[in-house]
There are 2 protein chains.
Amino acid sequence: MSAHDKKLAYVEQVGLYFEGVGLTRVAGRVIGWLLVCDPPHQQQAELVEALGASKSSISVALKDLTGLYLVERFSRPGDRRTYYRTAKDMWSRSFRARMHQLAELRQLAERGLSLLDGEAEVDRKRLLFMRDMNAFMEERFPALLDEWDAIKTAKGYDEL
Amino acid sequence: MSAHDKKLAYVEQVGLYFEGVGLTRVAGRVIGWLLVCDPPHQQQAELVEALGASKSSISVALKDLTGLYLVERFSRPGDRRTYYRTAKDMWSRSFRARMHQLAELRQLAERGLSLLDGEAEVDRKRLLFMRDMNAFMEERFPALLDEWDAIKTAKGYDEL
DNA sequence: CGGTTTGTTCGGTATTGACCGAACAAACGA
DNA sequence: TCGTTTGTTCGGTCAATACCGAACAAACCG
């Protein structure tokens, strides 16, 4: 199996992962390719060629991915074409999306509690627990991200 | 709007949330209902009645949810029926699922790195970063769960 | 001006899978 | 043993949507 074929096999794995977390498979493949391509930035036609997807699918996938700030557009002086690369903060972005889910769950718990207003405390415990646990995690996550930010700098990942 | 209708509206919100994180909408509705129903445990026929879903959908949803340990089966002596309630550890269970995703991403990064073996360090950085950040979170998450476990006990949520 | 490159939008197709009703199964009680 | 309760499985339908090809749009160059 050629190095290129190995990359394509890898791209499929990444594609399936991201499909599993809510993106389309093509969008996932784009991310996968952008993680291992050479050079690390590509234009649409190159993605079409490499991934065997249609121009339209790539166009839509890139629109989605840039909208989510997982991929960023990129241009060079004297070159009218647009390149795409993985966004440098794509992973912290994903983490913040997770944090948003925690907030959503906490809010759902609060809404539920207001529905059970006046009912027996034992019946409300399931929601009190849900609220408190998500609130706890919601509070702790930012510190984790800060901690990682410091490590990131120490490791010399800043230019990423 | 009656209290019952308010609960049903709430159930829809919860249903949409869980649909968004990969369950079916019916399964999400079951969770929503089990969070606010009175009593907090229900049998299948009650879920069918309350949610207006078919017996088969409820049966499948409960099978899925118990398989994920988000809902647990429950029986009482002298009563041959089966009841269902939200699993007491459903939220820590969800967190561990998140941790598994971190591990998956770290592994994908490692696989990618092995593909770029020998390439320029600058080209490998995107994957080194992905690996290190996910590994960091993967390492920190268990401590968060432990910390919550202690708080949980202190708050008297243990019997949950 | 054509023509080329680059990219977006639109309509149609095909796949996926959630859901339901009905048939089936099993356990129990009269 | 028959009917009732409880629950699962199966087949089919319907809705959602990812994807593609083709038409369209815009920017640039000869």
Side-chain angles (χ1 to χ4, degrees), chain A residues 8 11-34 37 39 41-68 70-85, chain B residues 8 11-12 14-34 39 41-68 70-85:
Chain A
L8 287 182
V11 161
E12 288 308 305
Q13 293 191 16
V14 179
L16 288 173
Y17 173 85
F18 280 99
E19 188 179 22
V21 299
L23 299 180
T24 68
R25 191 174 302 185
V26 170
R29 287 192 185 111
V30 167
I31 293 180
W33 181 253
L34 289 177
C37 59
H41 50 87
Q42 302 269 289
Q43 41 177 319
Q44 292 206 13
E46 292 173 317
L47 291 167
V48 167
E49 163 68 18
L51 300 179
S54 72
K55 257 199 318 180
S56 54
S57 298
I58 296 297
S59 175
V60 170
L62 286 173
K63 187 174 178 181
D64 292 348
L65 290 170
T66 52
L68 293 168
L70 297 180
V71 165
E72 59 190 11
R73 289 156 55 86
F74 166 62
S75 67
R76 316 188 67 159
D79 183 345
R80 64 194 174 87
R81 284 174 302 186
T82 306
Y83 298 89
Y84 295 87
R85 62 183 170 204
Chain B
L8 287 182
V11 161
E12 288 307 305
V14 179
L16 288 173
Y17 173 85
F18 281 100
E19 188 179 22
V21 297
L23 298 181
T24 68
R25 192 174 300 185
V26 169
R29 287 193 185 111
V30 167
I31 293 179
W33 182 252
L34 289 178
H41 50 86
Q42 302 269 290
Q43 41 177 316
Q44 292 206 12
E46 291 172 317
L47 291 166
V48 168
E49 163 68 18
L51 300 178
S54 71
K55 258 200 317 180
S56 54
S57 297
I58 296 297
S59 175
V60 169
L62 287 173
K63 188 175 176 180
D64 292 348
L65 290 170
T66 52
L68 293 168
L70 297 179
V71 165
E72 58 189 12
R73 289 157 54 86
F74 165 63
S75 67
R76 316 187 68 158
D79 182 346
R80 63 193 175 89
R81 284 175 300 186
T82 305
Y83 298 90
Y84 295 86
R85 62 184 171 204

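Since we're looking at a predicted model, the values are computed, not measured.
- One atom, NZ of K55(A), and another, P of dC10(C), lie 15 Å apart when rounded to the nearest Å.
- The distance from atom CD of Q44(B) to atom P of dT4(D) is 21 Å, rounded to the nearest whole Å.
- Checked against dG21(D), dT9(D), dC19(D), the side chain of S59(B) finds its nearest nucleotide in dT9(D).
- Using a 4.5 Å heavy-atom cutoff, the side chains of F74(A) and T82(A) are not in contact.
- Other residues, nucleotides and ligands contribute more than 12 heavy atoms inside 6.0 Å of the CD atom of E12(B).
- In this structure, K63(B) atom NZ and dT8(D) atom P are separated by 8 Å, rounded to whole Å.
- Between F74(A) atom CZ and dT6(C) atom C1' the separation is 17 Å, expressed in whole Å.
- Candidate nucleotides dG21(D), dT6(C), dC20(C) were compared by shortest atom distance to the side chain of Q43(A), and dT6(C) ranks first.
- Contact annotation: the side chain of L23(A) approaches that of L70(A) to within less than 4.5 Å [non-hydrogen atoms, C-beta and beyond].
- Closest contact between the side chain of T24(B) and the listed nucleotides dC19(C), dT6(D), dT6(C) involves dC19(C).
- Judged purely by distance below 3.5 Å, without hydrogens or angles, the side chains of R73(B) and Y83(B) never pair a donor atom with an acceptor atom.
- Atom CZ in R73(A) sits roughly 14 Å away from atom P in dT6(C) (whole-Å rounding).
- Within the 4.5 Å cutoff, the side chain of R85(B) has no heavy atoms near those of the V71(B) side chain.
- Mapping I58(A) and V26(B) onto DNA chain C via the closest heavy atom, the residue that lands nearer the 5' end is I58(A).
- Between S56(A) and dC10(C) there is no side-chain N or O to OP1 or OP2 distance below 4.0 Å.
- OP1 or OP2 of dC20(D) sits under 4.0 Å from a side-chain N or O of S57(A).
- For A53(A), counting side-chain heavy atoms from C-beta on, the closest listed nucleotide (dG7(C), dC20(D), dC19(C)) is dC20(D).
- In this entry the distance linking CG of D79(B) with C1' of dC28(C) reads 13 Å, nearest Å.
- At whole-Å resolution of the value, CG in L47(A) and P in dC20(D) are 13 Å apart.
- The separation between L62(B) atom CG and dT6(D) atom C1' is 13 Å, rounded to whole Å.
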